[in-house]
Amino acid sequence: MFGFAWLSYALPAMGVMFALGGSLMAGSLRRDPIRAVHSRVRRLLPALWVMGAVVVPVMLWHAGSHPDDGAVSWPHLLLWALPVAEPPGTAWALPATQVLWYLSTYLWLVLLSPLLWWAFQRRPVLTALLPLLLLAATQLGPVDLSGLAGSTVVDVATFAACWVVGFAHRCGQLHRMRPWLLGGLAVGCVAAGAGWALTHPADGSLNLNDIPLAQALYSLGFVLVVLRVPVSVAWLGRLRPLDAAVTLLNSRAVTVYLWHNVAIGLCFPLGDQLRVWALGEQYANLGYFALALVLLAVIVLAVGWVEDLAARRRPVLLPVGG
């Protein structure tokens, strides 16, 4: 919403999300690899299909009357059905489509997880290093990847090491590492990532999200420490409102992710109509932010129940627990 580059250093959220996803995936792979893959693909796709049913027709309608908006080929639109690469969008639809790289990256990591799990059980360190080596090759020159497929490979390679560290967390290997060794690795990765960002800014920006190799190294160092810290959430059950909010967000995570940029994009023209700017320079941004949250809440109420169907639960408007 606010575009603060420092937030990607205070909390490299994407790296943390993929590390947690890898940890949860490892637990499922131990029980039933085929079911683990199938259930996650099933949870992911219906929410995307609902978004596509809204965004794609509106996007094509707008492109029909605005030739300068950019064209989308019909074969590429099939990626909205199965996002093995980032689903396409026009320039006008960018606020809605620019977040979809995450779905294709997550999908590939899920599909590759049985192979990664097999390799991790035999060569854990090498399994974590190979994606970093591939990413470094794409960023330093020996491997030239371009186009939609190349972008997907770079995204997967950027976060695959965090995914594999999630495996190590689930297996207890992180907790068995000597603290000085783990700390040294973490500090080295964070320093290397920050150093690469400082020397290779993206169009003058130091935002990690725009610098793949810096993102991969910094996120890896960050999650090595975070996943080692013992965390208990038993206290959450005693705070009923907060527990309900966490349950709701957990049950609507894909919907919130897919639509949050749409809500942000809509809050400004709608806020202008509501004269949010009249709050003054100090409070106007907070007013637009509040409006974005309201819009997102409305969207979640309208289409979030699809996630219940995808998870084979009875659909409800507000899944806040008992």
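Along the sequence shown, the residues carry numbers beginning at 1.
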Report yes or no: do [X] and [Y] form a side-chain donor-acceptor pair below 3.5 Å?
| X | Y | value |
| --- | --- | --- |
| Thr255 | Glu307 | yes |
| Ser28 | Arg40 | yes |
| Asp272 | Tyr288 | yes |

Give a yes or no answer on whether the side chain of [X] reaches the backbone of [Y] with a donor-acceptor pair at less than 3.5 Å.
| X | Y | answer |
| --- | --- | --- |
| Asn261 | Pro95 | yes |
| Ser39 | Ala36 | yes |
| Thr152 | Leu148 | yes |
| Thr105 | Trp101 | yes |
| Arg228 | Met177 | yes |
| Arg170 | Gly166 | no |
| Arg275 | Gly271 | no |
| Arg42 | Ala310 | yes |
| Trp92 | His62 | no |

Side chains of [X] and [Y]: closer than 4.5 Å at any heavy-atom pair?
| X | Y | value |
| --- | --- | --- |
| Val37 | Met25 | yes |
| Leu7 | Phe2 | no |
| Gln173 | Phe167 | no |
| Trp80 | Leu100 | yes |
| Leu126 | Leu130 | yes |
| Leu29 | Ser113 | yes |
| Leu44 | Val110 | no |
| Leu48 | Val254 | no |

Is the [atom1] atom of [X] crowded by more than 12 outside heavy atoms at less than 6.0 Å?
| X | atom1 | value |
| --- | --- | --- |
| Arg314 | CZ | no |
| Arg30 | CZ | yes |
| Trp196 | CH2 | yes |
| Ile34 | CD1 | no |
| Arg123 | CZ | no |

Non-hydrogen atoms of [X] and [Y] that approach each other most closely:
| X | Y | value |
| --- | --- | --- |
| Pro88 | Leu79 | CD-CB, 4.1 Å |
| Val223 | Cys162 | CG2-SG, 4.1 Å |
| Trp259 | Met51 | CZ2-CA, 3.6 Å |
| Leu279 | Gly287 | CD1-CA, 4.1 Å |
| Ala96 | Val99 | O-CG2, 3.8 Å |

query = Would you call Arg43-Asp308 a salt bridge at under 4.0 Å N-O?
reply = no
Is [X] linked to [Y] within one hydrophobic cluster, defined over Ile, Leu, Val, Met, Phe, Trp and Tyr using a side-chain heavy-atom separation of less than 4.5 Å?
| X | Y | result |
| --- | --- | --- |
| Trp163 | Val153 | no |
| Trp305 | Trp49 | yes |
| Val294 | Val300 | no |

Report, one line per pair, each donor and acceptor closer than 3.5 Å where one atom sits in a side chain of residues 208-219; sequence neighbours left out.
residue	atom	partner	partner atom	Å
Asn209	OD1	Gln215	NE2	2.9
Asn209	ND2	Asn207	OD1	3.1
Gln215	OE1	Ser219	OG	2.8
Tyr218	OH	Tyr9	O	2.9
Ser219	OG	Gln215	O	2.7

ask   = Under the side-chain contact (heavy atoms from CB on, under 4.5 Å) test, which residues partner Leu266, sequence neighbours left out?
value =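 Listed in chain order: Val262, Leu295.
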ask   = Of all residues at least two apart in sequence or in a different chain, which pass the side-chain contact (heavy atoms from CB on, under 4.5 Å) check with Val225?
value =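 Testing Val225 for side-chain contact (heavy atoms from CB on, under 4.5 Å), a comparison that skips the adjacent residues, returns Ala186.
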query = Ring centres of Phe268 and Trp277 under 6.0 Å apart?
reply =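 No.
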request  = Measure centre to centre between the rings of Phe159 and Tyr102, then say whether the value is under 6.0 Å.
outcome  = no
